[in-house]
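Not measured: the values here are computed from a predicted model. Below, chains carry the letters A, B, ... as their sequence lines are ordered, and counting in each starts from 1.
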Amino acid sequence: MDVLALISPAFFGLVAAGTVIGIFFGAIPGLTATMAVAVCLPLTYSMGLGTGLAFLLGLYVGGISGGLVPAVLLNIPGTPSSIATTFDGYPMARRGEGERALKIGICASLFGGLFSLVVLYLFAPPLADFAIKFSFVEKFLIILLALTLLAALGSGMLTGLFSGVLGMFVSLVGVYDINNGGNGDIRLVPGFLETWLESGFSLLPVLIGVFGLTAVLIEAEHGVREDAATKKLLLASGKPFRLSVFRGQWVNLLRSSAIGTFVGLLPGIGGSAASILAYSQEKTFNRKEPDAFGKGAPSGIIASESANNGLTGGALIPLLSLGIPGDATTAILIGAFTLQGIQVGPLFIGDNPGVWQAIVIAMLFANLCMVLVMLFAIRPIARVVMVPKYLLLPIILMMCVVGAYTINSGVMFDVWTMLAFGVFGWLIYKLRLDMAPFVIGFILGPSAEVYFVKSLESFGTLTIFFTKSWIAMLLWVLILASVTASVAIARAGARRARMAAAAEA
Amino acid sequence: MSAPSLLDVTIDFSTSHLVFPTIVGTLLVLMGAVLAVARRHEIRAALAGGIGWPTDMDGLRFFGTLVLTAVYFLAMNEIGWRWPNRGFGFLSASMPFLFAMSVLYLHERSRRHLMLAAVVAVLAPLVAWLVLFRLFDVSLP
Amino acid sequence: MNRRQFSVLGLIGGLAAAGFMPLSAGAQPLPDAIRMVIGSNAVSGDTYQNASIIAEALSAHLGIKVKVDAVGISEAFKAVGRDPRGTTVMFHHDQSYLSHLYGVRGFSDIFSAYKVGPVVSVNPGNAYLVPKQSPYQSVDDLLKAAADGTRIRVGIQAGGVSEIGYSALKNAARLAKPGSEANIVAVNSGSQADKNQQLFDGQVEVINGSVQANEQFTRLPDDDQKAMRFLWLTASREIIEEAPEAGFGQTSREQLLQYVTPAMRVTLDGQQDFVFDKDFFLLYNKDMPDEMVKAIDEALAAIYAKGDIQKTLKSSFFIPHFLPSQEAAAYLKTKDGNYRQVIEAIAAKN
């Protein structure tokens, strides 16, 4: 089919509509990009091929991008891939730079989105061939690389590592899922809880719990004080946004976008890993302001947001050139293609050049719409921090319930999971453990397990992790570099803290 | 074939669900022990002082939140069971929940504030229900 | 309250009133909103797609709301197991009893714990594939190699539709040369992506896949690392003959017929051939009233008699296969018996 036959004013209109609805889903805590695409999929049944795709791709880009809004303003990631945005976005908002943080995030998102789109357009088939060189062994090493962040991310190396390992442990509760290649047997569950815990804890309810509900509980503990004077300050009293903040960030932008695209390219690793990996790399290798991370460093937002939008183009590569989705959202897009009678697989691009071009055009336009809509909407959206807490917090709680309930199409246990992890998150905070490494451990735990165990099942020796391929060896070099750098950072941080303490005393 | 070495491992599929939890569990215990040693002074101080709740805690609002939330979930599930597949559980449980939470969090319960809380408590669940359940056909309890 | 606020309130009130309106006022035994849970979490898989087609047809025919929810297998069983009122029904496929036969944790016998509803369609695409350059041209080559002591690794997902064809191969090897079935071994992994990857890596000789997901890989040039070839489709000949003539992608029905019995035979017991059609059917709560069962049977019979649904199913490469509840239960029970035989035969030898 010719590309011009697919493109019409309605095509662009639907990209724009999709982007707006996507941003709406992404921006509400609990609702995600995946959900946006899933609930709107039936709406496309009656649309044509071009318009249906346009709408869904708009939703995808909008949903991933919208997640940064509550991450910055409320410290609740709107969508799992914006977790790393909270690390620096919220501290910035606290010191009155909310609008600046949002704008930095939006621009970084645009860069990441366009970068990955160029990569998608120019290199999809060769990259798909490269992606299949990553077997279980290499994928495990990539996850290991992401886990090296645990030590660097916490308030101290030990605390960070412990919290991370705890997260992994909790993620393994329940059955070893057959759908991931497991044997369907249950572990880490006491007998009397088996009916409840057999499916383990779902990712999204846990995230909503530890970010959303925990935030509400901490507020409640402190008595929910309204503080109108500081609120006015919060909105835009700090530094205004200037494009010059991106000066000197080229390496960060390119590296993070490339990491995002690359993680998207590898099926099974998952979207949230992209921004975390990019954030950790930026934190580890940033020489200028290593201490600023976690306290409101623009570089952190740039890394996280360019990576999660870099994912969008990357995840389409295996989808369109292997027929295999790169993340949860693109998995749903397969359904859309099938409904329209289009087969995705290694011959898709060659067989359907028109559809392929239409997809790229839709993605390009969606990214541009996203920036326009978000930049214009920023002021009214940022005013959400002005809503009195006694009204805002209950609404956040309600939306968290909606998100937890609907993520698996209506499972009440997920809602209770959210409550349990809300309390757990509050305890973590009280025990001075670290939330970020816990969450990262939780997210990466299940894939780390499958790839590690499957590698050993196939090869029967631990040496395979070193000898499988040149890619494996290269990954070890990166892992070692990352560990060395994070140890150095942690030591330097501890030394500075001691000196500061000594100076005070 | 090279001689079998210490690094060789055979994994039986039927017990493969225990491999990784064992490794992670061991690591967790080790890390926990190290952390406990590193924080021994704090722990000793905490134990000596007795494990009490933080004194500056707003107990009413904190535990009120927990209790109301649990009641909310139970009510939502129960109503949703009686009138299934309509989203009524969510709709009818959310309204009183939102209002009760607002009242709990308010410090100055003036008529104006209570009115505002009531309006929001009716409108917010209704809008969420209309948009998500009716328009997007999202499943709600 | 100013005028603008007033009109916003009015609008919301109006919408709310519209929202509460009942969908239908028909006097029928069925509730007016039914939740159809499926045993899969994926809203893009064949189960969801098939369930949506059926749900939409039922909804239009009966004037009630039927909503498909992808809650996953264990949640689906739980949801339908606690609701005898007909407001929750389950839509699934052969995995529901196969997993019980394979002894997967948490699966009970569907024939005693639930009520079997109508069978509605078949996904004819369940396939086994080899790399394009593989020396194995047929199942016989494979069995011969196993008999000669060559280890043949098959990439599958444990405990369900993906494993049953592997068990059949093992059983056929046992019948050809007792003991040789030990040379056919399973490599368990999860998604299609993982299975494909194992084939690319040379970690397995054969994978389970599907016509839908793997057809394009079979059309790649010989020297491509990703190129595959169909070895065997488990579907019965009658089912593939029902497929659209154009087949799937660029593989015609004529070509697909080369991979099913009798062109490609896997014996069940030395006389009959093993076939496996992946049937989709409804499962009800054990105590769901009979008049509801009857109402759904009648509705589906009328829908299938009209003939539009067949076109919809076929356009998504599903083969219509309608059996009302009673026949469906007997039919599935027979399948259950056949596969139990296969699974027990190979288990006894191990």
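Interface remark: Ala117(B) contributes backbone and side-chain atoms alike to the contact with chain A (heavy atom separation under 4.5 Å). For a residue to count as touching a neighbouring chain, one of its non-hydrogen atoms must lie under 4.5 Å from one of that chain's; by this rule Val19(B) touches chain A with the side chain only. At a 4.5 Å heavy-atom cutoff, the contact between Ser94(B) and chain A is made by side-chain atoms alone. In this structure, no portion of Phe99(B) lies under 4.5 Å from any heavy atom of chain A. Proximity to chain A is limited to the side chain of Ala38(B), based on heavy atoms less than 4.5 angstrom apart.
When each of Ser14(B), Ala100(B), Gly64(B) is checked for heavy-atom pairs under 4.5 Å with chain A, Ser14(B) comes out on top. For chain A, the option among Met101(B), His17(B), Met31(B), Arg61(B) with the highest count of heavy-atom pairs below 4.5 Å is His17(B).
Residue pairs satisfying the side chain to side chain donor-acceptor pair (under 3.5 Å) criterion with at least one member in residues 398-413 of chain A, sequence neighbours excluded, are listed as follows: Ser202(A)-Asn408(A), Asn408(A)-Asp414(A).
By the side chain to side chain contact (heavy atoms under 4.5 Å, CB included) test, Leu427(A) is found to be paired with no residue, residues two or more places apart in sequence or in another chain being considered. Remark: Tyr176(A) engages no residue in a side chain to side chain donor-acceptor pair (under 3.5 Å) (not counting sequence neighbours).
Checked against the 6.0 Å centroid criterion, the rings of Phe169(A) and Phe20(B) do not qualify as a close aromatic pair.
To the nearest 0.5 angstrom, Phe90(B) atom CZ is 4.5 Å from Met398(A) atom CE. To the nearest 0.5 Å, atoms CD1 (Ile21(A)) and CG (Leu135(B)) are separated by 8.0 Å.
Between Arg432(A) and Arg39(B) there is a side-chain heavy-atom pair separated by less than 4.5 Å.
Residues of residues 455-464 of chain A having a heavy atom under 4.5 Å from any heavy atom of chain B, listed by number: Leu456(A), Glu457(A), Gly460(A), Thr461(A), Leu462(A), Thr463(A).
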